[in-house]
Amino acid sequence: MTRSPITRRELIRNGTLTLSLGAILAACGAGRSGTTAPGRLGVAPPKATLPDATLDDAVRLRTAQSLEHTLLDMYAALADTGAWSSGATAWLHRFVEDHTRHSAELAELITAAGGEAFACANPFIADRALKPALAALDGSDDPHRDVLNIATAFESLAGATYQALVGQLETPALRGAAMGIGGEEQRHAAALASLVTPEHMVDPTLTGGEEHADPNGFPVRFVIPARFGQLTGIELVVGAPDDEGARTAVTLETPSDNAFVYASQSC
Amino acid sequence: MTDSAAGQQTGPTLSSRRALLGLGVLGAALAARSGIASATGLSDDDLATAELVVGAEMAAAGLYTAALEAGADPVLFGTLRDQHRGFADRVSGLGGVRARGGAAAWADARRDAFAADPATAGLDLENSLAATHAQLVASIESPAFADVTAAIAAMESRHAVALALAAGRSDDLDAMFTNPAAPLAEEA
């Protein structure tokens, strides 16, 4: 016969002791107040509360207006390089006039949509696309080529942005206004493409020809580049090659979540 | 016994057929009354718009064919003809529609101009088409159809620049960068 390691008396005594201690602890904890959140170690600052980010027509139009100002900043910078050809100076002045007018038209639409105008460059696109492209102009092996490529790419981006807006705007009447502006951006991009690739107005692949590739790897621009207006990423290559032969490359995308100018953002 | 059994089986079949027919007629009547989306996914209003667009694009392709026959640059004007055929095909495929006859009047009015000065006549046409499509996107209900129409309008704006350049008007900033045209529906 084996003997149990705990006797009945020991079990009763230990149980009574545990219950007594539990009652004392419960009594000490009564009436506590304060946060019930888990405790934190250290003195880290509290987490920032993100503002509400409602996506509506006013935000979409603010984003479009910010793109107009991104292009205005771009033209100011390109004009300062002195690499813009004198023959195309009248075009440059016209583009600046058009983008200034577009911004004013958008401001009215934004106000009517219950928003506040955003008359400055798109922070996301300016930081991630325009600034790197402009920085690559320093030490460029062909500044004239680069200013034309930058302007063509950003005008194409603007045209694609308004085309994309047609599928995004909730108010149907705004779609017509968007395409009216977008059509002018497409005209700018097409005219600039005729300077980038003067020997071909039409992409040869549209007529069954072979793809026209640039020997230095620059994307080729055409006045008529495709059957339909495109919403795909726009490749931009700028500047002189580095030691390994690579040039600065940026892909321009139509504005999405991170590039929208939400109501909480201000210039 | 056999006849009776057959009769018992026939009864429910006939009644189901009648019920199906009745439902079909009711559904057709409701669809006709409410103008809800057709089998193509487009509403009646969108289908009417699609017919208008297909007709206009086919008419435009016909005008460029006339220009080519009159000796216009085959690369540029052949491309423009094919572009408009492509637009018509895309919208036709989207809505399952054919061209409506109404586009012929304005096209006929431009035919002589296309033979005489295709670049200038083409510039005028592309401006009209771009204005038409920019206006239509505000009323089209189907998101897919609106997206296609916007993609067409974007390219027609580029066509206009190509034709302004072909007409030697690169210094005419309004010809290059402004669309002064009224939509075709208003013009007709």
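First the proteins, then the strands, lettered A, B, ... as listed; each starts at 1.
Contact annotation for B:Thr178: both backbone and side-chain heavy atoms come within less than 4.5 Å of a heavy atom of chain A. For A:Tyr162, no part lies under 4.5 angstrom from a heavy atom of chain B. Heavy atoms of B:Asp73 lying under 4.5 Å from chain A are absent altogether.
Taking 4.5 Å as the heavy-atom cut-off, the residues of residues 184-196 of chain A that approach chain B are A:Glu184, A:Gln186, A:Arg187, A:His188, A:Ala189, A:Ala190, A:Ala191, A:Ser194, ordered by number.
In terms of the salt bridge (charged side-chain N to carboxylate O under 4.0 Å, His left out) criterion, A:Glu108 has no residue partners (sequence neighbours excluded). Not counting sequence neighbours, A:His69 has no partner by the ring-ring contact (aromatic ring centres under 6.0 Å, His included) test. A search for salt bridge (charged side-chain N to carboxylate O under 4.0 Å, His left out) contacts involving B:Arg169 returns B:Asp172, not counting sequence neighbours.
Chain A forms the most heavy-atom pairs under 4.5 Å with one residue out of B:Gln83, B:His159, B:Met155, B:His133, and that residue is B:Gln83. Chain B forms the most heavy-atom pairs under 4.5 Å with one residue out of A:Arg227, A:Arg175, A:Met179, and that residue is A:Arg227. Among B:Asn127, B:Leu136, B:Thr149, the residue making the largest number of heavy-atom pairs under 4.5 Å with chain A is B:Asn127. The choice from B:Asp171, B:Ile152, B:Thr79 that makes the most heavy-atom pairs within less than 4.5 Å of chain A is B:Thr79.
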Residues A:Thr89, A:Arg94; criterion side-chain hydrogen bond (donor to acceptor under 3.5 Å, both in side chains); working and verdict
CA-CA 9 Å; A:Thr89 301; A:Arg94 175 58 181 257; over 6 Å; no
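Between A:Arg101 and A:Glu105 a salt bridge is recorded (basic side-chain N to carboxylate O distance below 4.0 Å).
Without hydrogens or angle criteria, A:Asp203 side chain to A:Ile224 main chain gives no donor-acceptor distance under 3.5 Å. Remark: the backbone N or O of A:His99 is not paired with any side-chain donor or acceptor of A:Ser103 at under 3.5 angstrom.
The line from CD of A:Gln163 to CG of B:Asp147 is 8.0 Å long, rounded to the nearest 0.5 Å.
Geometrically, A:Arg128 engages A:Phe124 in a cation-pi contact defined by less than 6.0 Å to the ring centre and at most 45° from the axis.
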